[in-house]
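Each remark here refers to the structure printed beneath this line.
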Amino acid sequence: MTDNKGLAIEGPFIATLQRADNLYIDAGVSRIRILACDQAGMELGRLAIPGNEDFAAAVSTLGLDRLPQSTGIFITGKLQETVRNHIGRGELILPAAALWSAARSLLEGKPLGIIELSASGYVIIGIDGSGDLRDDMLSVNPRCGAGSGINLDRVLQKLAIERTAVDTILAGYLGEENRGRREGVNIRADRCGVFASSATISDKNQGIPLDFALAVTLKSEVLKACKKLHRGFDTVWLSGGIFNWRYARDCAKDYLESVGTADVRHDSDGSFPLRGLRHLQQVIGSGNFAQPDRRVLPAQKLVEYPALRDVRADLEAQNLYRRIPNDAPSSFDPQQLRSAPLMLGLDVGSTMAKLIISDAKGETLFYKGACSNAGDTIETIQKIFADIRSKGVDMLRILQIGLTGSARYQVQKALASIYPQLADRVSVLVENYAHAHGSIDYAREHIERLKSAGIEGVNEEFCLLVDIGGEDTKISSIALKQAELFDNAMNVKCSAGTGSLMDTLTAMFCLENIDKACELAYNADRSYAINATCAVFLMENARKLQAEGYGRDEILASANRAIVENMARTLWNQIELPGRTVALLHGQTMLSDPLPLAVA
C-alpha cells in the first residue's frame, strides 16, 4: 500500500472519491487518514491530512460533504465526532472496536494481541483463536496520558532532537547484537508521562550521557503499554507512530519474548484502524452500526471567557496587576568587573540557565544573562561565560557563588573540579528556598506600593509565590516578618498545570517560537473552558477545537486558562492560602502576559 501524504494530490484523490463505494476514515489527533475502496473492498487510494491543516477547508476542497448518499462513510478515532460534523454524515465506530476488528482480520488460528501506541495514548487488545477477547484483554488509557506519543514528542522538543534522529542517537542499542545493552537500560516508575520529559532533562543535567537518558525514557514509555498486555499471546502486532522507531520496537520485542510471545510483528504503515473499519463493514454491512441518539445528546456549548488583554486592563485599573521592570543592566564597565570583588548566582534548570553578577554586598547588579539549556549543561555554562568574555572581561574576582536549579549539583562538581580554589566558596540552595529568599524584598516593596495607592487591608504577614516551570509547578507561602519559607506544595502526580504545554502547542501549530504563541493568546478576542485534567487530553482538545474551526489564538488563550485551572484544582488546596495577600509569579512562563493573567 502507498500512503499519499499531505494535500498535494487533491486532484487525483478527488477523482478517486467519485469512484469510491466506501470511505474509511481514521480521525486521529496527529493526522486524519482516508481510505477509499470499491464495493468489493479493493483499495482505490488513500490520503493523509496533517492534524494542523484546516480540515473544514479540506472537506470542501475534496468534496467530502457532497458525495452521493450511496457512498458509505465509516469513521473512527479521537476526532470522529468533529469529522462527522464537517462531512455531514457517517457511521461512527469506537477506536477499540476498529482495532478489535483489525485483530480478527489478522487471525491465524492462535491467540493474537495488538499494542497500539500513538500520539494520544494506547489501546491494547488480545483475542483468542476464535476472535473473542481473551480474559477481557482490552485496555485503553481513559484518564491519564502516561504512555502516549505526545509525551515523547515533548522530550524531543526539550532536547532539540528531531524525530528522525532518534534511532541514529540510539544506534548503539539497536538490533539483536545490542540486546544485552538494551536490557541493561533501567525503566522509570509508571506515573505521569509528562514527567518523562523532566526526568530526561534531569538525567542530562546530572551528567548522564544523552543517549542513555533518552534510551531510559523511550523504553519506560513503551513498556508502560506493553506490560498491560496479558501473557499467553503467540503473536503480537505493534502499531502506532511510536513504533516507527526501531529502538521502540526492539524494546517491545525484548519484553514480549521474555513473557512467551513467539512472533512480534510491526504494522509499518499504521493501517490497522482503517483495516479494522473495512473488515467490520464487510462483516456487519452498511447501516447496521448502532449510533448515538443525537436527540438526547447534551448540548456542548463552551463556557466563554473575556479577552486576556481586557483582563489586564481591568486589573491594572485596580492596581491589582503589575509587571516588575527588568532591571538587567544594558551595559557594564569591563574594568569594573575585572577589579571589583563579585558574587555570582546561577540558576540552571531543565530548559534555561541564568546568571547574575553583583557586587560583594549583593546591592549592585552588574550583569544578568540567560540561555537555553537544551544541550549539555556544562557547555551551557561555558556559553554564558563566553558571552561575558566577549564583552571584554577575561578575569573575575569571585567571593561567592550561589547555585540552584535541577543541575546545581552537577555544576557544583564541575566548578570544584576545574577551579579547586573555589570549592569552599560555592553554596547550593534548593529552588524553593532560593525563590522564597529572592522574592521577599519584591513582596515588601509591592505591599508599600499598594498602601500608597490607598488600597487597605493588604496582608503584611504573608505573601504567595507561584512558580510555573516547564515541567513542574510550585506554590509557596512566605512569612514576611520572619523572612522565611512558611509552606510549600509541588505537583508530584500530574503535570498538566505546567508551562511546557505551551511549547507543545507552539510546535503543534507550527509557530516560529513560543513568543508568537503568547502574542496570539494575548490578542485573542475570547477564550474557552476546555478539559485540563491531563496534559495529553488538553492537546486532544486543542486539536478538536482547531478541527471545529476555532482560531489558533483562541485555542492558545484557552490553553493558558486550562493550565491554571488544573494547577488550581490539583495543587492550590495543598496549602493554606492567606487572604488579601500579594502573589508573586515566577518562572520562564511568566515572562509573557497570558499565563500570569490567567493566574490573576
Problem set entry | Derivation and outcome, side-chain contact (heavy atoms from CB on, under 4.5 Å), residues Leu64 and Leu23 | CA-CA 10 Å; Leu64 292 172; Leu23 294 184; 3.8 Å; yes

Problem set entry | Test log, rule salt bridge (Lys or Arg N to Asp or Glu O under 4.0 Å), inputs Glu81 and Arg84 | CA-CA 5 Å; Glu81 281 279 1; Arg84 184 191 185 281; 5.8 Å; no

Contact summary for [X] and [Y], nearest pair of heavy atoms:
X: Ala58; Y: Ile49; result: CB-CD1, 3.9 Å
X: Leu133; Y: Asp128; result: O-OD2, 4.5 Å
X: Leu302; Y: Tyr550; result: CD1-OH, 3.7 Å
X: Ala40; Y: Gln282; result: O-NE2, 3.8 Å
X: Asn178; Y: Ala171; result: ND2-O, 3.8 Å
X: Val236; Y: Leu256; result: CG1-CD1, 3.7 Å

Problem set entry | The single option from Ile25, Asp26, Leu274 passing side chain to side chain contact (heavy atoms under 4.5 Å, CB included) against Thr76 | Asp26

Measuring from atom [atom1] of [X] to atom [atom2] of [Y], what distance do you get when rounded to the nearest 0.5 angstrom?
X: Ile115; Y: Ser239; atom1: CD1; atom2: OG; value: 10.5 Å
X: Leu174; Y: Tyr247; atom1: CG; atom2: OH; value: 9.0 Å
X: Trp237; Y: Asp267; atom1: CH2; atom2: CG; value: 7.0 Å
X: Lys219; Y: Phe212; atom1: NZ; atom2: CZ; value: 8.5 Å
X: Asn560; Y: Glu565; atom1: CG; atom2: CD; value: 12.5 Å
X: Ile530; Y: Ile555; atom1: CD1; atom2: CD1; value: 8.0 Å

Donor-acceptor pair, distance only, cut-off 3.5 Å: does the side chain of [X] make one with the backbone of [Y]?
X: Arg33; Y: Ala48; answer: no
X: Asp21; Y: Gln39; answer: yes
X: Arg66; Y: Ser60; answer: yes
X: Thr61; Y: Ala57; answer: yes
X: Arg249; Y: Phe243; answer: yes
X: Ser101; Y: Ala97; answer: no
X: Glu91; Y: Gly287; answer: yes
X: Arg278; Y: Pro273; answer: no

Exercise. Who pairs with Leu107 by side-chain contact (heavy atoms from CB on, under 4.5 Å), at least two apart in sequence or on another chain?
Worked result: Leu112, Ile127

Exercise. Who passes side-chain contact (heavy atoms from CB on, under 4.5 Å) against Ile284, sequence neighbours left out?
Worked result: Leu280, Asn288, Phe289

Exercise. Is the cationic atom of Arg134 (NZ for Lys, CZ for Arg) positioned less than 6.0 Å from the six-membered ring centroid of Phe233 and within 45 degrees of its normal?
Worked result: yes

Side chain to side chain, [X] and [Y], heavy atoms closer than 4.5 Å:
X: Leu17; Y: Leu62; answer: yes
X: Met137; Y: Ile125; answer: no
X: Met42; Y: Cys37; answer: no
X: Val264; Y: Leu238; answer: yes
X: Ile34; Y: Tyr24; answer: no
X: Arg46; Y: Ser271; answer: yes
X: Pro594; Y: Glu519; answer: no
X: Val259; Y: Leu229; answer: no

Problem set entry | Exceeds 12 heavy-atom contacts within 6.0 angstrom, atom CG of Asp136 | no

Taking only residues two or more places apart in sequence, or in another chain, which ones meet [X] in a salt bridge (Lys or Arg N to Asp or Glu O under 4.0 Å)?
X: Arg265; value: Glu108, Asp263
X: Asp132; value: Arg104
X: Asp211; value: Arg181

For this session: Show your reasoning for whether side-chain contact (heavy atoms from CB on, under 4.5 Å) applies to Leu138 and Leu99.
Result: CA-CA 10 Å; Leu138 175 62; Leu99 196 65; over 6 Å; no

Exercise. Salt bridge between Arg19 and Asp38, side-chain N to carboxylate O under 4.0 Å?
Worked result: no

Problem set entry | Pairs touching residues 164-179 that satisfy salt bridge (charged side-chain N to carboxylate O under 4.0 Å, His left out), sequence neighbours left out | Glu176-Arg179, Arg179-Glu183, Arg179-Asp254, Arg179-Glu257

Exercise. Can you find a side-chain donor-acceptor pair between Ser527 and Glu554 that sits under 3.5 Å?
Worked result: no

For this session: Could you please spell out the steps behind the side-chain contact (heavy atoms from CB on, under 4.5 Å) verdict for Lys228 and Tyr122?
Result: CA-CA 10 Å; Lys228 296 184 182 299; Tyr122 58 78; 2.9 Å; yes

Exercise. Under the side-chain contact (heavy atoms from CB on, under 4.5 Å) criterion, do Leu35 and Leu44 qualify, and how do the steps go?
Worked result: CA-CA 8 Å; Leu35 172 65; Leu44 301 177; over 6 Å; no

